Structure formats: structure tokens, C-alpha cells
*Asks:* 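Pasting a structure here, questions to come.
Residue numbers run from 1 in the order of the sequence given. Remember, it's a predicted structure, so these values are computed and weren't measured experimentally.
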Amino acid sequence: RSWRAPPSAPERRADRGYGRNVADVVLITTDDLEPAVRLRGALEDAGLRVELLASGEGLDDALGDPLLVIVTGGLRERRNRTLVQAARARRLPVIGLTERTEATGREACRELGMQECFPKPIDPEEVALVGRRLIQREQLREITGIVGDTDAMEGVLERVVQIAPVNSTVLILGESG
């Protein structure tokens, strides 16, 4: 018998399908530090590497390849709008944390360039779950070549995620199917 060391955190993460390599990272802005720290813990518990971005830092300041960007406040501020635009240009999913007084509907999020918005105070585990789902969805887009951000395309990607683990032939019906 030979002894094998237990898998490292990046190996365990790779086994679960999160991230493409060890350098993959989730970026969280520190506009509102309290939820940023809580989110960091929840995402690290989910096996993801996390970096906190200080005010004025951008995607190029990250030590790894960003998978997801979470903006914790100041969604309409110029520096955060610039960060969101840079993330969208790289086809990175973006989550925003809104104040109670801000609109959080799907249209408001899309208007700001974000896929999801959560009103504060947040449940970090829920945001981490949605973040993992968005990362997997983007990875699936890369694999399948499916593009588009409409609700219909999001529905197709959700079906693919549900069906993908099944090892059988599947027929998808619909207007363009």
C-alpha cells in the first residue's frame, strides 16, 4: 500500500467543477466591507478562491483569472460602472448588492449590467449559491457556444445544466428546436 496525501483545496474544487484552474478567483469590492467579508467566507466555504478589491482597483489588479465579480455597494458610482463594464466585456457574471431603497428587479440589474442583485442585508450562502450557478452557466456557455442574455436563453442554459449530468439521449422541443 502506498500513502497518498489528501487532495488540496484547489484539487477538491476542480473535482467539483468550480473554476478552470488554480488561478481562478471571485472578486468582491470593498465598498461595503461587512457583507464583503461575510461573502468571502461563504464563497471560500464553497471551495472558491476570493480576492477583495480595494477602492480604485480593477480586474487587472487581481492575482488570478476572475470568474465572477460582486459589487457590494455604490452600484451607480463611476468607478463601479467602469468595473462592471470591464467585467461584461470579458463576459464575466456580475452580482450587485443594493441598498433597501434601490430597485432590485431583473430590469434594474440588467440596466446596471448585472445578472443578479440582492438587497442588503444579504444571506451570504444564498449569494454564494447564485454566484456558483452563474460561474457554471458561463462555463457552460464556453463549452456549448450558446450565446445570449435573454430570459429564453437563460432558460435553455438552466435546462442544459439540469440535463447535463444525465447520460442519456435528450430531445429538446420548442419553436426553434
Side-chain angles (χ1 to χ4, degrees), residues 7-99 102 104 108-149 154 157 161:
S8 66
E11 289 170 339
R12 287 191 306 270
R13 185 182 76 216
D15 288 342
R16 292 195 300 247
Y18 302 131
R20 294 177 291 267
N21 61 53
V22 176
D24 290 339
V25 65
V26 174
L27 302 177
I28 303 175
T29 66
T30 56
D31 297 292
D32 191 346
L33 195 54
E34 187 267 330
V37 171
R38 290 177 51 219
L39 277 171
R40 179 183 194 174
L43 289 163
E44 286 176 344
D45 288 347
L48 295 165
R49 221 175 103 231
V50 178
E51 281 186 37
L52 298 179
L53 287 180
S55 180
E57 290 184 324
L59 298 178
D60 295 331
D61 296 314
L63 298 177
D65 296 326
L67 291 173
L68 171 70
V69 176
I70 301 176
V71 181
T72 60
L75 303 183
R76 297 185 191 285
E77 292 178 13
R78 191 166 105 201
R79 64 185 162 80
N80 284 335
R81 285 195 322 252
T82 302
L83 177 66
V84 169
Q85 288 172 352
R88 296 306 297 149
R90 292 189 189 183
R91 300 205 42 84
L92 296 174
V94 181
I95 295 175
L97 305 185
T98 62
E99 300 299 331
E102 293 179 291
T104 57
C109 288
R110 296 252 167 119
E111 179 183 305
L112 294 170
M114 301 176 192
Q115 281 80 7
E116 296 287 340
C117 289
F118 290 89
K120 296 176 191 173
I122 57 154
D123 175 6
E125 285 75 26
E126 181 182 359
V127 177
L129 178 69
V130 170
R132 285 195 324 252
R133 191 186 82 221
L134 290 172
I135 291 168
Q136 291 171 340
R137 188 180 294 163
E138 279 306 313
Q139 291 172 341
L140 195 61
R141 284 178 205 250
E142 290 176 16
I143 292 169
T144 61
I146 295 175
V147 294
D149 289 332
E154 297 292 329
L157 284 170
V161 168

*Asks:* Which pair of heavy atoms, one from P35 and one from L97, lies closest together, and at what distance?
*Replies:*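 Taking every non-hydrogen atom into account, CB-CD1, 3.9 Å.
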*Asks:* For a side chain to side chain contact (heavy atoms under 4.5 Å, CB included) check, start with the C-alpha distance between R132 and L129, then their side-chain angles and the critical distance, and finish with the verdict.
*Replies:* CA-CA 5 Å; R132 285 195 324 252; L129 178 69; 3.2 Å; yes
*Asks:* Is it true that E44 and R40 have a side-chain N and a carboxylate O under 4.0 angstrom from each other?
*Replies:*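 Yes, this pair counts.
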*Asks:* Taking atom CG of L67 and atom CG of L48, what is their separation to the nearest 0.5 Å?
*Replies:*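 L67 CG to L48 CG: 7.0 Å, rounded to 0.5 Å.
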*Asks:* Considering only heavy atoms from C-beta outward, does the side chain of L75 approach that of M114 to under 4.5 Å?
*Replies:*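 Result yes, sub-4.5 Å side-chain heavy-atom pair found.
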*Asks:* Heavy atoms only: give me the nearest Q115-V94 pair and the separation to one decimal.
*Replies:*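 Closest approach of Q115 to V94: OE1-N, 2.7 Å.
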*Asks:* Give the intermediate values and the outcome of side chain to side chain contact (heavy atoms under 4.5 Å, CB included) for residues V26 and I70.
*Replies:* CA-CA 8 Å; V26 174; I70 301 176; 4.3 Å; yes
*Asks:* Taking the side chain as C-beta and beyond, is there a heavy-atom pair between E116 and R133 under 4.5 Å?
*Replies:*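 Answer yes - side chains close enough.
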*Asks:* For the atom pair CG (L134) and CD (Q139), what is the distance rounded to the nearest 0.5 Å?
*Replies:*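 Interatomic distance, L134 CG to Q139 CD, rounded to 0.5 Å: 11.5 Å.
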*Asks:* Any side-chain heavy-atom pair from D24 and R49 closer than 4.5 angstrom?
*Replies:*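 D24 does not reach R49 side chain to side chain.
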*Asks:* Which atom pair, heavy atoms only, marks the closest approach of G58 to L53?
*Replies:*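 Heavy-atom minimum between the residues: O-CD2, 3.9 Å.
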*Asks:* Can you confirm whether T29 sits close enough to L52 that some side-chain heavy atom of one is under 4.5 Å from a side-chain heavy atom of the other?
*Replies:*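 Sidechains of L52 and T29: no contact.
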*Asks:* Given side chain to side chain contact (heavy atoms under 4.5 Å, CB included), test F118 with I95 step by step and report yes or no.
*Replies:* CA-CA 8 Å; F118 290 89; I95 295 175; 3.7 Å; yes
*Asks:* Do L68 and I28 have side chains that get closer than 4.5 Å, going by heavy atoms?
*Replies:*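 A side-chain contact under 4.5 Å is absent here.
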*Asks:* Can you tell me which residue pairs pass the salt bridge (Lys or Arg N to Asp or Glu O under 4.0 Å) test with a partner in residues 25-39, sequence neighbours excluded?
*Replies:*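 For residues 25-39, and leaving out neighbouring residues, the salt bridge (Lys or Arg N to Asp or Glu O under 4.0 Å) pairs sorted by first residue read D31-R79, D32-K120, E34-R38.
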*Asks:* Does N80 reach the main-chain N or O of V71 with its side chain, forming a donor-acceptor pair under 3.5 Å?
*Replies:*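 Not confirmed, N80 side chain does not pair with V71 backbone.
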*Asks:* For the residue pair T72 and A36, what are the closest heavy atoms and their distance?
*Replies:*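 Nearest heavy atoms, T72 then A36: CG2-CB, 4.0 Å.
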*Asks:* List the residues meeting salt bridge (Lys or Arg N to Asp or Glu O under 4.0 Å) with R137, not counting sequence neighbours, and say none if there are none.
*Replies:*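 Salt bridge (Lys or Arg N to Asp or Glu O under 4.0 Å) list for R137, sorted by chain: E154, E158.
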*Asks:* Less than 4.5 Å apart, side chain to side chain, heavy atoms only: is that true for L63 and V25?
*Replies:*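 No; the side chains remain at least 4.5 Å from each other.
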*Asks:* Is the backbone of A54 close enough, under 3.5 Å, to the side chain of E57 for a donor and an acceptor to pair up by distance?
*Replies:*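 Looks like yes, one N/O pair under 3.5 Å.
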*Asks:* Between side-chain atoms of residues 84-93 and protein atoms elsewhere (two or more places apart, or another chain), which donor-acceptor pairs fall under 3.5 Å?
*Replies:*
residue, atom, partner, partner atom, Å
R88, NH1, L92, O, 3.1
R88, NH2, D149, OD2, 3.1
R90, NH2, D60, OD1, 2.5

